[in-house]
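Just so you know, ligand 1 is whichever comes first in the structure, and atom 1 is the first atom listed for that ligand. The figures that follow rest on heavy atoms only: side chains count, while hydrogens, waters and symmetry mates do not.
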Amino acid sequence: MRPLLLILALLVAPSVHAQVTVIRAGHVVDVAAGRAVPNQSILVRDGVIEAVGPNLAVPAGAEVIDLSGSYVLPGLIDAHTHVGVTELPGAKNNDYGSYYIGSLIEDTAYRAVQGTMQARAYLEAGFTWIRDTGNNGSYGDVAVKRAIEGGWIPGPNMSVAGIMIAPYGGQFQMQPEKPDLGNPEYTYADTQDEIRLAVRKNIHFGATTIKLIVDNQPYYYSAEDVRAAVEEAGAVGVKVMAHATSDEGMRNAILGGVASIEHGFQPSDETLKLMVEHGTYLVGTDFPKSFSERRYPATLERNRRAFAAGVKMAFGSDVVYYREGWTKGELVLEFTDTYKDSGFPNDYILRMMTMNAADLIGVKAGEVKAGFEGSLVAVAANPLDDITALRNVSFVMKDGVVYKRNGEFRFDLPRTLDNPYRKPQRGNLFRR
Ligand SMILES: [Zn+2]
């Protein structure tokens, strides 16, 4: 090969996906069917699952990974998180002051660094996708996402909301002398033209999902307001989520066509029915009892009603708090207690954390199936029998690259500075 061609070939071939891997799994957890299938092999090539079956031939040069003592399942997904904001230590749920002050005093650079740490914590715990839903200053989430995609830092794949769009004031109470303190947390958009412009700007700066704050101010977004955002984002393949906690706010968001309701604490039964009719996901952000004792009974009651109504649900933690001795990934896995206490079967909790969340984000992940993303985790026990088995992930593969083996996390610094300046373009919004 001529030197120039050789150099080109080396530049073109991404080293991270160079190898083919065959995983010998003791069991593969089929989350769609809700069962564990014994003695399966998984062939992953170029970051994608190529085949799953009992007796797969090992292609020449493939690496074989022995997970014959483990349960292998798709990488976990948190569909509602914030990598760049943490409430002050000791804060309890709905401690508005803590959240407000944290947003005001921490700049974007600091939050991006925090996001770098949290992204690794997520990956280490077994999460291979997260949807970041805002509060990262001025696009700190986009910075973290780009660094992960460039191979600079380890972390899950990310869908990011950039800057949240809200009626005047965002989620804060301003004082008249300092009305701009809500920037850059929120873009205030009160007319439908302003909403459309805010969507366009956000996507231009790197958002891959849009978040509307529907009902945090005296003026709620109407169904027509929401529809304006859904149309504008939908024109370039981007989904819209709605932060809505009241029944009226939820209804407006559902009728406006959002992909998901975030929080959705107070739905009437009619509104839950409306969600089923429109195929709207509920991302309940259900804090475990240890964090939110006061709200816990209402959370369980809402979950039982939503489950009985047949509302589609995706896992989303909204974990913005901190607890001594715990990583963020470990805290997030405690949320399965809430669903257990809500009476959800383990197979449904697992679907919320994998295929449902992937469907909501709009990516081909969340199942161990040919054609799906090569993102897998392994645990020692069957999570269909005991969902807390997820708290000890011993193996993590993301897009065909192994980050954790035998409980040991490893990240190799890149040998090439992959730093593409990406011009935003249609069809290229979710993945590079
Ligand atoms: Zn949130």
Side-chain angles (χ1 to χ4, degrees), residues 77-88 91-104 106 111 114-115 118-119 121-122 127 129-137 139-142 144-145 156 158-167 169-172 182 184-187 202 207-217 221 239-246 249-250 253 258-266 280-288 291-292 295 299 302 313-323 328-329 331-332 334-335 338 352-353 357 360-361:
I77 304 176
D78 187 344
H80 185 126
T81 189
H82 305 270
V83 295
V85 67
T86 305
E87 287 182 343
L88 306 176
K92 280 290 179 186
N93 190 30
N94 289 340
D95 187 343
Y96 178 72
S98 167
Y99 161 69
Y100 189 10
I101 293 164
S103 296
L104 293 180
E106 289 174 359
R111 293 203 218 176
Q114 184 178 143
Q118 304 294 27
Y122 262 112
F127 289 85
W129 264 102
I130 56 173
R131 189 175 63 150
D132 194 290
T133 59
N135 286 123
N136 293 288
Y139 299 103
D141 51 353
V142 174
V144 173
K145 175 180 189 284
M158 291 177 75
S159 181
V160 296
I163 295 184
M164 294 170 278
I165 300 168
Q171 287 175 272
F172 294 161
E185 299 305 308
Y186 304 95
T187 297
N202 208 25
T208 52
T209 183
I210 295 292
K211 184 178 178 190
L212 302 179
I213 307 295
V214 170
D215 56 359
N216 253 192
Q217 294 292 338
Y221 277 147
K239 297 189 185 197
V240 177
M241 73 182 101
H243 166 113
T245 56
S246 67
M250 288 178 71
V258 297
S260 64
I261 299 284
E262 311 299 303
H263 316 304
F265 296 135
Q266 298 159 333
T280 319
Y281 271 101
L282 175 65
V283 182
T285 64
D286 303 303
F287 288 111
F291 188 73
S292 184
R295 210 175 67 193
T299 299
R302 190 278 314 267
M313 285 181 263
F315 181 82
S317 67
D318 199 19
V319 56
V320 287
Y321 57 91
Y322 159 84
R323 192 193 297 151
K328 191 151 178 147
L331 284 171
V332 170
E334 198 187 15
F335 280 59
T338 311
M352 291 172 70
M353 301 175 84
L360 170 58
I361 295 173

Review point. List-wise, which protein N, O or S atoms are found short of 2.8 Å from the Zn ion (ligand 1)?
Key: His80 NE2, His82 NE2, Asp318 OD1

Check your understanding: Residues in side-chain hydrogen bond (donor to acceptor under 3.5 Å, both in side chains) with Thr133, at least two apart?
Key -> His80, His82

Practice item. Could you tell me which residues satisfy side-chain hydrogen bond (donor to acceptor under 3.5 Å, both in side chains) with Thr280, sequence neighbours excluded, listed by chain and number? Key: none

Check your understanding: If only atom types and distance count, is the side chain of Thr209 paired as donor or acceptor with the main-chain N or O of Ala161 below 3.5 Å?
Key -> no

**Study point:** Arg131 side-chain N/O to Ala357 backbone N/O, donor-acceptor pair under 3.5 Å
**Key:** no

Point to revise | Thr299 and Asp286 side chains, donor-acceptor separation under 3.5 Å | key: no

Practice item. Apply side-chain hydrogen bond (donor to acceptor under 3.5 Å, both in side chains) to Asn136 and list each qualifying residue two or more places apart in sequence or on a separate chain. Key: Asp132

